[in-house]
Visitor: 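Let me begin by handing over the structure; questions about it come next.
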Amino acid sequence: MTVLAVSALLVLAGCATDEPTTGTSGSPSAGTGPGTGEQSRFFVRAEYDKQLALLDAAPTGPPGKPWEQALNPAMVETAKFKKPGPHKICFSNAGLNNPWRQVGFKTMQAEVDTHRGRISEFVHVDAEGKDQKQIADINDLLGKGCHALIVSPNTTATLTPAVEAACRKGLPVIVFDRGVDTSCPVTFINPIGGYGFGHVAAEFVTEKMKRGGKVLALRILPGVDVLETRWSAAKVAFDKAGVDVVGVEFTDGDPARTKKIVNDYLQRYGTIDGVWMDAGAVAGAAVEAFEDAGKPVPPINGEDQLDFLKLWKDKKLTAIAPTYPTYQWRTPIIAALKILGGERVPNPWKLPQPTITQGNLDEYVDPGMPPLHYAMCGCTDLPGYPRRWK
């Protein structure tokens, strides 16, 4: 997932977090000392345990189509939403303000194109990373005759009342990517989630670095559930391993800021033994910062963004890429049509969340696609590939 633009950071800056050593200026923050401090208010132990168990679960559904698969699905009835088509499907989008979301939306549009006989109109509204705009967008869509409403919330708590208002209209609501604090949507679609991502990355970094070494944690912004839970899981792993988390810094998703932060920490500590990231879009910038300083790149995680995967292969990095696959943008369209057809769907609809490792890296490095493309788009069988994604 997912890097958010600076404009989104301004919206979310007031959201509470419980990070003990987080800086935002790019200058080093104080070290944490023993452990990483108190756990985030977003941490829910039962959900953490559930997500870690899902990492080993076998998916059900069509082979080779992870966007249609589900992990340990609990099916819900949707007969009350059945209606004749073709259908008008509406989508309230948190934003198109980073490459992950742009790749995902192209994938969603292409999925819509495969159902043109069943979808009469697809309405997309971009909230531009602004909570209040998305609230107004949803309210406006409620009067547009939508047969189903898809929502990717900008933030969790603030968008909850707007989603609940849509549910009260009797409209089937499908939430995906980021969650809300209500169970009223027909289904919530996302991969395993933030705990799984954060755990996989932190376990790898701690296993590959020297015991008790120095870790720099690079984060994007506070207040988004999937990012907060990534850090929550990492905290558990780091405390268990006894590593020294010397800093937790927000990068704003800005490559220049990322480089400055890494350089500041190298100047302060001389050596950084591991880098953990809650989103991978600036992983390439972090790697370049070590190289610019003449320092070896330590064990690091990124995501499935191709610039990082190519760097990893070319530079023979010690790396891993847990993913938050952009193929999940296909699933809400599939879910909406199933619901409007009265078919049962999983709730929650948990999708597989593959990890890219040294062993399968070559399967995902595609030199023909742009650096900011995401390898897990699940889009190679969709109309317009590869041109649409270039």
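We use all heavy atoms of the structure for the numbers below, so side chains are in, but hydrogens, waters and symmetry mates are not.
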Visitor: Ring-plane angle category for Trp389 and Tyr385, please: parallel below 30°, perpendicular beyond 60°, tilted otherwise.
Guide: tilted
Visitor: Is there side-chain contact between Met376 and Glu303, with at least one heavy-atom pair below 4.5 Å?
Guide: no
Visitor: Can you sort out the partners of Lys338 under salt bridge (charged side-chain N to carboxylate O under 4.0 Å, His left out), two or more places apart, ordered by chain and number?
Guide: Glu343
Visitor: List the residues meeting ring-ring contact (aromatic ring centres under 6.0 Å, His included) with Trp67, not counting sequence neighbours, and say none if there are none.
Guide: none
Visitor: Quick check against the 3.5 Å criterion: does Arg388 have a side-chain atom that pairs as donor or acceptor with the backbone of Pro383?
Guide: yes
Visitor: With rounding to the nearest 0.5 Å, note down the distance linking CG in Asp292 to CG in Leu266.
Guide: 10.5 Å
Visitor: Got a second to check how far Asn154's CG is from Gln132's CD, nearest 0.5 Å?
Guide: 10.0 Å
Visitor: Under a 4.0 Å threshold between the charged nitrogen and the carboxylate oxygen, would Lys259 count as salt-bridged to Glu291?
Guide: no
Visitor: Compare all side-chain heavy atoms of Thr271 with those of Lys214 and state whether any distance is below 4.5 angstrom.
Guide: no
Visitor: What pairs of residues pass the disulfide (SG to SG under 2.5 Å) test when at least one of them lies in residues 49-121, not counting sequence neighbours?
Guide: Cys90-Cys146
Visitor: After noting the C-alpha distance and the side-chain angles of Trp329 and Gln109, does the key distance pass the side chain to side chain donor-acceptor pair (under 3.5 Å) rule?
Guide: CA-CA 9 Å; Trp329 289 69; Gln109 289 174 301; over 6 Å; no
Visitor: Would you mind checking if Arg45 and Asp49 are paired as a salt bridge, meaning a charged N to carboxylate O distance below 4.0 Å?
Guide: yes
Visitor: Under 4.5 Å between side-chain heavy atoms, counting indirect links through other Ile/Leu/Val/Met/Phe/Trp/Tyr residues: same cluster for Val297 and Leu361 or not?
Guide: yes
Visitor: Are any non-hydrogen side-chain atoms of Leu218 and Val262 less than 4.5 angstrom apart?
Guide: yes
Visitor: Which pairs, with at least one residue in residues 153-246 and sequence neighbours excluded, count as a disulfide (SG to SG under 2.5 Å)?
Guide: Cys167-Cys184
Visitor: Considering all heavy atoms of both residues, which atom of Leu216 and which atom of Gly247 are nearest to each other, and what is their separation?
Guide: CD1-O, 3.7 Å
Visitor: Please say whether more than 12 non-hydrogen atoms of neighbouring residues, nucleotides or ligands are located less than 6.0 Å from NZ in Lys208.
Guide: no
Visitor: Just to verify, what does Asp137 make a salt bridge (charged side-chain N to carboxylate O under 4.0 Å, His left out) with, not counting sequence neighbours?
Guide: Lys133
Visitor: Tell me every residue that passes salt bridge (charged side-chain N to carboxylate O under 4.0 Å, His left out) with Lys313, counting only those two or more places apart in sequence or in another chain.
Guide: Asp362
Visitor: Between Phe290 and Ile300, is any pair of side-chain heavy atoms under 4.5 Å apart?
Guide: no
Visitor: Is there a path of hydrophobic side-chain contacts, each under 4.5 Å between heavy atoms of I, L, V, M, F, W or Y residues, that connects Ile189 with Leu340?
Guide: no
Visitor: Taking Leu96 as the starting point, is it possible to reach Ile150 by hopping between hydrophobic residues whose side chains are less than 4.5 Å apart?
Guide: yes
Visitor: Under the salt bridge (charged side-chain N to carboxylate O under 4.0 Å, His left out) definition, can you give me all pairs with a residue in residues 50-74, not counting sequence neighbours?
Guide: Glu47-Lys50
Visitor: Using side-chain heavy atoms (C-beta onward) and a distance below 4.5 Å, is Pro298 in contact with Met209?
Guide: no
Visitor: With distance as the sole test, does Arg219 use its side chain to make a donor-acceptor pair with the main-chain N or O of Trp231 at under 3.5 Å?
Guide: no
Visitor: Considering non-hydrogen atoms only, spot the tightest contact between Thr326 and Thr107 and give its length.
Guide: O-CG2, 4.3 Å
Visitor: Which atoms form the tightest heavy-atom contact between Thr78 and Gly342, and what is the distance?
Guide: OG1-C, 3.1 Å
Visitor: Taking only residues at least two apart or on different chains, which pairs with a member in residues 332-362 satisfy ring-ring contact (aromatic ring centres under 6.0 Å, His included)?
Guide: none
Visitor: Are side-chain heavy atoms of Arg257 and Glu249 found at a separation under 4.5 Å?
Guide: no
Visitor: Going by ring-ring contact (aromatic ring centres under 6.0 Å, His included), name the pairs with one or both residues in residues 202-230, residues two or more places apart or in two chains.
Guide: none
Visitor: Please say yes or no: joined through hydrophobic side-chain contacts below 4.5 Å, possibly via intermediate residues, are Tyr364 and Leu306 part of one cluster?
Guide: yes
Visitor: So, using salt bridge (charged side-chain N to carboxylate O under 4.0 Å, His left out) as the criterion, who are the partners of Asp181 when residues are at least two apart?
Guide: none
Visitor: Please round to the nearest 0.5 Å and tell me the distance separating atom CD1 of Ile320 and atom CH2 of Trp276.
Guide: 13.5 Å
Visitor: Work out which heavy atom in Ser232 is nearest to a heavy atom in Tyr195; give both atom names and the distance.
Guide: CB-CE2, 4.0 Å
Visitor: Answer with yes or no whether the hydrophobic clustering places Phe176 together with Met75; edges join I, L, V, M, F, W, Y residues whose side-chain heavy atoms lie under 4.5 Å apart.
Guide: no
Visitor: Give me the atom names and distance for the closest heavy-atom approach of Ala286 to Thr258.
Guide: N-CG2, 3.9 Å
Visitor: Heavy atoms only: give me the nearest Leu309-Ala321 pair and the separation to one decimal.
Guide: CD2-CB, 4.3 Å
Visitor: Between OG1 of Thr331 and CE of Met108, what distance do you get to the nearest 0.5 Å?
Guide: 9.0 Å
Visitor: Considering only heavy atoms from C-beta outward, does the side chain of Pro99 approach that of Gln305 to under 4.5 Å?
Guide: yes
Visitor: Linking directly or through intermediates, with side-chain heavy atoms under 4.5 Å: list the remaining ILVMFWY members grouped with Val180, chain and number order.
Guide: Val123, Val125, Ile135, Ile138, Leu141, Leu142, Leu149, Val151, Leu159, Val163, Leu171, Val173, Val175, Phe188
Visitor: Salt bridge between Asp307 and Lys310, side-chain N to carboxylate O under 4.0 Å?
Guide: no
Visitor: What pairs of residues pass the ring-ring contact (aromatic ring centres under 6.0 Å, His included) test when at least one of them lies in residues 121-154, not counting sequence neighbours?
Guide: His87-His147, Phe91-His124, Phe105-His124
Visitor: What orientation do Tyr48 and His199 show, parallel under 30°, tilted 30 to 60°, or perpendicular over 60°?
Guide: perpendicular
Visitor: Salt-bridged, Lys260 to Asp264, with N to O below 4.0 Å?
Guide: yes
Visitor: Looking at side-chain heavy atoms only, is the closest gap between Trp100 and Asp177 below 4.5 Å?
Guide: yes
Visitor: Would you say Gln69's side chain and Pro59's backbone share a donor-acceptor pair under 3.5 angstrom?
Guide: no
